[in-house]
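Just below is one structure, and these are the notes that go with it.
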Amino acid sequence: MKEPTPVKREFYNRDTIKVAKDILGKVIVRKTKQGNIVGRIVEVEAYKFGEHDKASHASKGCTSSNQAMFGENGFAYVYFTYGMYFMLNVVAKKKTDHAGAVLIRGVEPIDGIKHMVKNRKGKDGINLTNGPGKLSQALQINKKLNNHDLTKKEKLFIVDSEKRTEKVLSSGRIGISMDVEKEWRFYLDGNAYVSKYKFNKK
DNA sequence: AATCGGATCGTCT
DNA sequence: GACGATCCGATTG
């Protein structure tokens, strides 16, 4: 099988919302010692900067923990939360924005599934990767991959795939309390690996 | 089927 | 010192 080329950096040099929609259907590859772990992106959320987006980690300006969101496009922003889980974001913003990133919330397993099951401590099926914390465990994503370049064929990168056939739907974002009315969550219609949270509960 | 709370810790107030 | 861009198992209807 021919090794595909990573998505070029220009793809990420655009408005965060557009990149969020367009990245759906692309394929994420994690190279580990045991072998490759591969999945198709089916659910994302967009996060921007400052006054435009109070739910974003970047809303309070650049700090040591969120500096990746202000950094170069096409890099990973990996964030640790709830004491146990990592979140994988892809830095993407147009020139006039100071910060922006796309949170990967769900992927559909393609290859290396046995590694995913092991990383998820025996869980399998839907529960492998249908949520941001879950897919980070399945793909062995941790803080070491913060600021990792996703346009190079190294430990973690994103490649193009065949054109998606599903419709892209949008909704409010999950697990936040500010700016809940912004419909910046995007997912592929009908895909089993889209998380099914009841969200924005009061 | 839907809701509730515990686990667990880096980061900011 | 409080609180998450969460997950999961237990409990209740």
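Labels below follow one simple rule: chain letters A, B, ... track the order of the sequence lines, proteins then strands, and each chain is numbered from 1.
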Using the six-membered base ring of C:dA5, report whether A:Y79 stacks on it, requiring centroids under 5.5 Å and planes under 30° apart.
no

Aromatic stack A:Y82/C:dT6: centroid gap under 5.5 Å, interplanar angle under 30°:
yes

May I ask which nucleotide in the shown strands pairs with C:dG9, Watson-Crick or G-U wobble, both distances under 3.5 Å?
B:dC4

Rounding to a whole Å, what distance do you find between [X]:[atom1] and [N]:[atom2]?
X: A:N89; N: C:dT6; atom1: CG; atom2: P; answer: 11 Å
X: A:M84; N: B:dG5; atom1: CE; atom2: P; answer: 18 Å
X: A:E43; N: C:dT6; atom1: CD; atom2: C1'; answer: 13 Å
X: A:N66; N: C:dA5; atom1: CG; atom2: P; answer: 12 Å

Look at the side chain of A:S64 and decide which nucleotide, out of C:dG4, B:dC12, C:dC8, has an atom nearest to it.
B:dC12

CG-CG distance between A:L150 and A:L88, expressed to the nearest 0.5 angstrom
7.0 Å

At under 4.0 Å between heavy atoms, what does [X] touch on the DNA or RNA strands: base, sugar-phosphate, or nothing?
X: A:G83; value: base
X: A:K143; value: sugar-phosphate
X: A:M178; value: nothing

The residue among A:K182, A:R173, A:K48 that forms salt bridge (Lys or Arg N to Asp or Glu O under 4.0 Å) with A:D53 is A:R173

